[in-house]
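FYI, the numbering just counts along the sequence from 1. What you see is a predicted model; the values in this text were computed from it and never measured.
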Amino acid sequence: MRSLSEPSTTLLSGTSKGVQAPAVLVLEDGTAFRGRSVGAPGEVCGEACFNTSIEGYLEVLTDPSYAGQVITMTYPQIGNYGVSLDDVQRAQVFARGLVARDVCPTPSSWRSEMPLPQFLREHGIVAIEGVDTRALVRHLREKGAMGCILSTEDLDVESLRAKVQAAPALQGQNLVEGVSGAPMTPQLGAPASHSFAKPPTPKASHHVVAYDCGIKESILGSLAAAGCRVTCVPWDASAEDVLALDPDGVFLSNGPGDPEAVAATSAAAAELLGRVPVFGICLGHQMLGLAADGSAMKLSYGHRGGNHPVMNLITGQVEVTSQNHGFAIRFDSLGPLIPELSGGMAEHEDDLRVWAERGIAPVVQNERFGRIRLSHVSLNDGTLEGLEFLDAPAFCVQYHPESSPGPSDSRYLFAAFSDLMDGGADVLSVDIASDRLSGWKLGGEADHAQA
């Protein structure tokens, strides 16, 4: 990359961007994208992925589920509301790198504590802006997920391509062991900057043991808001150790990477099913699927963003969901369909949207745990998004119902878990149209509550 001329350097030095060092992103197939450094200097390898959210970049960067990944934000400008440390999901950044079209250096928000570029530099995160993110995302959608390298040090495309091709693939790696137990400062209630809209945390009525496979602080807050006192255990805790803590329920958290590499958690989940109520999200959903002897598949480019439509097949309602995963459980791997509980159908379909069209929540006969119902399905690509175990108190979803970042349509699932621990049945039959705003202080409610 050519150096800037002296007049260009002088002009840039007088702007809010300042003079930026060159940077380059190279995919494993040799496709290169040049731009400008907007974070720390350095060089990182990872899996190239993209997130379609228009906000929530700080939550994304600090979500352990993004360990090992270089994230492209598809929205054209990010950073314009700055960084509020109340929004971090763990006390460190887990993403390996950030790619953007434009990163705002001068945020405008009453909550902002620093600009995003400053946060990136302070946490040693390599980032690039000035990239045609539309072209990059189209390439990943057409060619599928692949490794990449992002560098401000080596700008030679062929050299970088050789490095990324020599880097180990993420598939098959256990990334969970590197994020489980990472430092966090869990909030028992909403942080101060959120308290204007959210009520105080209720008194705990259930003790929940949560497998920390990379759990987000907002998930801990959502469990607390549902009346749960949470004890976290590492990803490889045995079922007997968990049961010794005398839980009312067990929560299987989100986490990064290949679910089949996290064998200890899925094995523990298999022992816990039927002995205690269980709720899993994201990787936790995959752990329950594997516990039932199901199989996982690598998605072409994954689901990441805050605008993914999912149908609850039990109610027929559609939730707009927040998602972050690159693998999915195959519904047909869980067992044969039970025709009398599946609208008379006996053959599996690859595209699960057919069940949304038929208005049926089909049920399979699992050799290990009896009847399992398909409860939620992606309306984007027809993949499995939720399961309900009918012969054991357990359910799970592939997406992130804590809505941080993202919409609040799915927050009912935490209350459903509480109902399950109380011995409730049919806990997923919730009218989200009336439920999604419960617990928020709207309009003059906050002022009235303080009066």
- [ ] Enumerate the residue pairs fulfilling ring pair (Phe, Tyr, Trp, His ring centres under 6.0 Å) with a member in residues 55-77, sequence neighbours excluded, ordered by first and then second residue.
- [x] Y57-Y81
Open item on the list: Going by the rule side chain to side chain donor-acceptor pair (under 3.5 Å), which residues pair with R96 if we only count those two or more places apart in sequence or in a different chain?
Closed with: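 Result, side chain to side chain donor-acceptor pair (under 3.5 Å) vs R96: none returned.
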Open item on the list: Run the side chain to side chain donor-acceptor pair (under 3.5 Å) test against S238 and tell me which residues pass, sequence neighbours left out.
Closed with: D241
Can you name the residues that form a side-chain contact (heavy atoms from CB on, under 4.5 Å) with [X], not counting sequence neighbours?
X    : value
T74  : F50, T52, V137
R161 : V26, E158, Q165
P309 : V318, L379, N380
S218 : Q89, K216, E402, S404

Listing, residues 279-297 side-chain donor-acceptor contacts under 3.5 Å, not counting sequence neighbours, or none:
unit_1	atom_1	unit_2	atom_2	d
Q286	NE2	F327	O	3.0
Q286	NE2	Q398	OE1	3.2

Sequence neighbours excluded and cut-off under 3.5 Å, please list the side-chain donor-acceptor pairs for residues 39-47, or say none.
unit_1	atom_1	unit_2	atom_2	d
E43	OE1	S151	OG	2.9
E43	OE1	K163	NZ	3.3
E43	OE2	K163	NZ	3.0
E47	OE1	Q69	NE2	3.1
E47	OE2	K298	NZ	3.0

Open item on the list: Assess, by modelled atom type and distance only, whether the side chains of H308 and T321 contain a donor and an acceptor separated by less than 3.5 Å.
Closed with: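 Distance-only check fails for H308 and T321.
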Open item on the list: With salt bridge (charged side-chain N to carboxylate O under 4.0 Å, His left out) as the rule and sequence neighbours excluded, what pairs involving residues 276-286 come up?
Closed with: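 Not a single pair qualifies under salt bridge (charged side-chain N to carboxylate O under 4.0 Å, His left out).
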Open item on the list: Under the side-chain hydrogen bond (donor to acceptor under 3.5 Å, both in side chains) definition, can you give me all pairs with a residue in residues 263-278, not counting sequence neighbours?
Closed with: E240-R275
TODO: Can you tell me which residue pairs pass the side-chain hydrogen bond (donor to acceptor under 3.5 Å, both in side chains) test with a partner in residues 119-128, sequence neighbours excluded?
DONE: Q118-E122
Task: Carboxylate-amine/guanidinium proximity below 4.0 Å for R34 and D132 - done: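 No salt bridge links R34 with D132.
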